[in-house]
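Here the structure is a predicted model, which is why all the values come from computation and not from measurement.
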Amino acid sequence: MKMRVARHTANLQPLIHFYHHVLGLEILGRFDGHDGYDGIFLGLANNNWHLEFTVSDNLPQHQPDEDDLLVFYPETEQAYNELKTKFAQHNISPVRAKNSYWNSNGVTYTDPDGYRMVIARPQE
């Protein structure tokens, strides 16, 4: 494991839908009742990173900012366009990025916690 991004949430099921069913990340693992936390690991098999989302009786105390971004890099223009189509099919509309770079070089969406996620346009 090289990197794990962990976030506490009150929206676990909507986040699973967003990152697994729409974006296409795999469910790499789950846990229940670990010191009062339930959670899920999402990522791509055989990669050295994953996202972890947890829930507990304690509500999260964070506030997303328009510059808090997770950026994903599809390998091909076809994969990029397929992801955009999948988001549209799930009625998830893109939002204008605060950083104009991402408006020219990708498409930005807001996840169920209010954090921004970018799908970067592949560079040729």
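When the ring pair (Phe, Tyr, Trp, His ring centres under 6.0 Å) test is applied to His62, the partners found at least two apart in sequence or on another chain are Tyr115. The ring pair (Phe, Tyr, Trp, His ring centres under 6.0 Å) test applied to Phe72 returns no partner, not counting sequence neighbours. Partners of Gln78 according to the side chain to side chain donor-acceptor pair (under 3.5 Å) rule, which considers only residues two or more places apart in sequence or in another chain, are Glu82. Scored by the ring pair (Phe, Tyr, Trp, His ring centres under 6.0 Å) test, Tyr73 finds no partners at all (sequence neighbours excluded). Remark: Arg7 engages Asp111, Asp113 in a side chain to side chain donor-acceptor pair (under 3.5 Å) (not counting sequence neighbours).
A donor-acceptor pair under 3.5 Å is absent between the side-chain atoms of Asn47 and the main chain of Trp49, judged by distance alone. Under a 3.5 Å cut-off, the side chain of His50 and the backbone N or O of Leu42 do not form any donor-acceptor pair. For the pair His8 (side chain) and Thr54 (backbone), a donor-acceptor distance under 3.5 Å is present. Under a 3.5 Å cut-off, the side chain of Asp68 and the backbone N or O of Glu66 do not form any donor-acceptor pair. Side-chain N or O atoms of Asn105 include none that pairs as donor or acceptor with a backbone N or O of Arg121 at under 3.5 Å. At least one donor-acceptor pair closer than 3.5 Å links the side chain of Asn103 to the backbone N or O of Ala97.
Tested against Phe87 for a ring pair (Phe, Tyr, Trp, His ring centres under 6.0 Å), the candidates Tyr19, Phe18, Tyr80 yield a single pass: Phe18. Exactly one of Leu23, Ile40, Leu25, Leu15 qualifies for a side-chain contact (heavy atoms from CB on, under 4.5 Å) with Leu51. That residue is Leu25.
Ring to ring, Phe31 and Phe41 are close: their centroids are under 6.0 angstrom apart.
Within the model, atoms OG of Ser104 and CG of Asn99 stand 9.5 Å from one another, a figure rounded to the nearest 0.5 Å.
Each side chain to side chain donor-acceptor pair (under 3.5 Å) pair with one or both residues in residues 27-37, not counting sequence neighbours, would appear here, but there are none.
At least one side-chain heavy atom of Tyr109 sits under 4.5 Å from a side-chain heavy atom of Ile119.
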